[in-house]
Asker: 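Structure in structure tokens, see below.
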Number of protein chains: 2
Amino acid sequence: MKGNTVFKRSYNQCLRRLAAHDIGAALPSESDLAHTLDVSRTTVRAVLASLAETGIVSLGTSGRVLVRHPVEADYFPDMQTLSAGAAVERRFMEWILLGDFRAGQLLNAAELARQFGTSTTTIREYLAQFQHVGLLERRPNSAWLYKGVTPDFATEIYDVREMFELRATRSFIELPDDSPPWRELDAIEAEHRALLANIDEEYRRFPQLDERLHRVIHETSNNRFIIDFYDVISTLFHYTYRWNRSDEQQRNTVALMEHLDYIEALRSRDQRAIDARCRKHLRTARATLARSIEFGPFRSQPSPVGVST
Amino acid sequence: MKGNTVFKRSYNQCLRRLAAHDIGAALPSESDLAHTLDVSRTTVRAVLASLAETGIVSLGTSGRVLVRHPVEADYFPDMQTLSAGAAVERRFMEWILLGDFRAGQLLNAAELARQFGTSTTTIREYLAQFQHVGLLERRPNSAWLYKGVTPDFATEIYDVREMFELRATRSFIELPDDSPPWRELDAIEAEHRALLANIDEEYRRFPQLDERLHRVIHETSNNRFIIDFYDVISTLFHYTYRWNRSDEQQRNTVALMEHLDYIEALRSRDQRAIDARCRKHLRTARATLARSIEFGPFRSQPSPVGVST
DNA sequence: AATCTGTTTTTAATGTAGAAAAAACAGCGC
DNA sequence: GCGCTGTTTTTTCTACATTAAAAACAGATT
């Protein structure tokens, strides 16, 4: 039937909020909570009922009142707070990109469902979505084909990425200096310098910063296709990044410097300079991905499940 | 449960082939048929069994033999030969793009299922696919939002289209003159001239020719993202084309001429000329879409309410 | 040995059911 | 009127069941 992950997530969120309240303080109204937790009042009521049952809140004379602070054991495990679909997405990405899975192999929906502990319906829905990442191909009335993160794939995705990012810089430099994206760029630049100053310790923070820089640029494009495509890139790189950890600090340092050059070019608002710096950085990133593909995913835990040839 | 559309489609295909056979002639082997119809032998056997039952073939001394030629009544209606998913796709596109449906409206899966005569599962799977066309937005645990074919949408889709098509011309002109895409271009050009010579009668054939030209160019890109995107464009335009039929012949004539210029530029392999002609044509096409949006879909199915003006 | 056909086993497509969540409704207090 | 809570109605989500189609298996025929 239907999992109650929304309830569990809301319950946990609610507990976190209550931790800041004083004992005996009155809780906000149901509609209020519904709005802050971004769920329906129906769910809020279920949460409140459950909290009352656990004895964390109780009905005082004028509304609900906090009886005791929540402890660690009151929370639901984090794993259970992802919706079935989101859970499948994560497990699937890890399985396909970090596991022992080769281009050209066929996927079996029933097998995956068993392994991930969900129904085939959920698996199917997710696989269908995943087609658009370009890694899966559906063969009607038959299995799914994994096309693999091959050199061809890298070329294709980077060709599009370059077009889109260059285009996005055009809209970026149209914005006034005091617009939110430029403010964000200031912050990003500052973080770059901070990170470079302490690169030996913190070089692992690079991917998160990289994502932030490229995303703020893409988002100014105001183009849903460009932004959606960046979501694909972002997800993908989150996983392929782990394939090759050799020279990681060295590579991140280079990329950070390229970012600073790129940012400087953006500030100059000189299209030619921007194109040059952007292209240069993406060339480096493309080469990094190409190397990662040579390495391939770690073979730490080969799983023979759901595989056929 | 599961529709038998594969069976019906194969049955019809089989009948079409038999029409060319002589009475008494032996049929090909099962595996042979399975290969030519591109289905499994299981399906072929079901078709053959059904044909035997209808008396169209019978088991002679040495294999199956054609008894009588099929007549019109033997075929299944074409409508039934689309898989549930494909049928929903078509009905949905017609409903959303040709029907009275406004940007910002919410879609109700159960309602759609009832209206289309399928299950909610099928509807859901299709709606999920449809997100990436950029016209629908999913709101978890709630309805789907139709974002509408708005001027913004037109701008966004054409911005990407222009980038992609220009990029595709780069790979196109790399190919040798005698490669299949250039052969196809020759054929397309010839059809353009033939159509222009008889434009008064045949101007309605333009969309099909337009699709052929742009597709052959996009496909040489060898980039799955570019090709997938052209599928989106192609589907979309197939429907929005019907929104505005004023000056149709005039508009098609202009577009055909622009195509010929574009083709000429491609032959010259001069990038600058190609860019100019391609951009010019896409500008025209973009303006046509913009005009269509002004007209909107509210013409094909006049509302049953009130009197005509 | 290779190809054909008859049979059995798997797997994907899709409808249905039931729980969770949202949305709508209704009465109450101010 | 406005916001709050209790109740009822819809709608989405997801497990499961069932059938169509594919794939695998096996004997027969050339």
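Naming: A, B, ... by sequence-line order, numbering from 1 per chain.
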Asker: Quick check: do B:Val160 and B:Ile233 have side-chain heavy atoms less than 4.5 Å from each other?
Answerer: no
Asker: Tell me the interatomic distance from B:Leu48, atom CG, to C:dT5, atom P, rounded to whole angstroms.
Answerer: 9 Å
Asker: Decide, yes or no, whether a salt bridge links B:Glu94 with B:Arg91 under the criterion of side-chain N to carboxylate O below 4.0 Å.
Answerer: no
Asker: Evaluate the side-chain proximity of A:Phe116 to A:Trp95: yes if any heavy-atom separation is below 4.5 Å, no if none is.
Answerer: yes
Asker: Could you label the plane-to-plane angle of the B:Phe101 and B:Tyr146 rings as parallel, tilted or perpendicular, counting under 30° as parallel and over 60° as perpendicular?
Answerer: tilted
Asker: For the residue pair A:Thr235 and A:Met93, what are the closest heavy atoms and their distance?
Answerer: CG2-CE, 3.6 Å
Asker: Which residues pass the salt bridge (Lys or Arg N to Asp or Glu O under 4.0 Å) test with A:Asp32, not counting sequence neighbours?
Answerer: none
Asker: Check each residue of residues 26-47 of chain A for a non-hydrogen atom within less than 4.0 Å of any atom in DNA chain D, then write out the ones that pass by number, or none.
Answerer: A:Ser29, A:Glu30, A:Ser31, A:Arg41, A:Arg45
Asker: Can you pull every protein N or O that's under 3.5 Å from an N or O on nucleotides 12-18 of chain C?
Answerer:
unit_1: C:dA13; atom_1: OP1; unit_2: A:Asn141; atom_2: N; d: 3.1
unit_1: C:dA13; atom_1: OP2; unit_2: A:Arg124; atom_2: NH1; d: 2.1
unit_1: C:dT14; atom_1: OP1; unit_2: B:Ala84; atom_2: N; d: 3.2
unit_1: C:dT14; atom_1: O4'; unit_2: B:Met1; atom_2: O; d: 2.6
unit_1: C:dT14; atom_1: O3'; unit_2: B:Met1; atom_2: O; d: 3.3
unit_1: C:dG15; atom_1: OP2; unit_2: B:Ser119; atom_2: N; d: 2.8
unit_1: C:dG15; atom_1: OP2; unit_2: B:Ser119; atom_2: OG; d: 2.4
unit_1: C:dG15; atom_1: OP2; unit_2: B:Thr122; atom_2: OG1; d: 2.9
unit_1: C:dG15; atom_1: O4'; unit_2: B:Met1; atom_2: N; d: 2.7
unit_1: C:dG15; atom_1: N7; unit_2: B:Thr121; atom_2: OG1; d: 3.4
unit_1: C:dT16; atom_1: O4; unit_2: B:Thr121; atom_2: OG1; d: 3.0

Asker: Looking at every non-hydrogen atom in both residues, tell me the closest pair between A:Arg90 and A:Tyr239 and how far apart they are.
Answerer: CG-OH, 3.6 Å
Asker: Of all nucleotides in DNA chain D with an atom under 4.0 Å from a non-hydrogen atom of chain A, which is the first and which the last going 5' to 3'?
Answerer: D:dC4 to D:dA23
Asker: Are side-chain heavy atoms of B:Thr118 and B:Tyr126 found at a separation under 4.5 Å?
Answerer: no
Asker: With sequence neighbours left out, what residues match B:Arg224 under salt bridge (Lys or Arg N to Asp or Glu O under 4.0 Å)?
Answerer: A:Glu156
Asker: Go through residues 126-134 of chain A and report each residue with a non-hydrogen atom lying under 4.0 Å from DNA chain C, sorted by number.
Answerer: none
Asker: Any salt bridge between A:Arg215 and A:Asp231, counting N to O under 4.0 Å?
Answerer: yes
Asker: Restricting to non-hydrogen atoms, name the atom on B:Leu106 and the atom on B:Ala143 that form the minimum distance, rounded to 0.1 Å.
Answerer: CB-CB, 4.0 Å
Asker: Take A:Leu236 and A:Phe153 through the test side-chain contact (heavy atoms from CB on, under 4.5 Å) and record every step on the way to the result.
Answerer: CA-CA 12 Å; A:Leu236 195 79; A:Phe153 179 77; 3.4 Å; yes
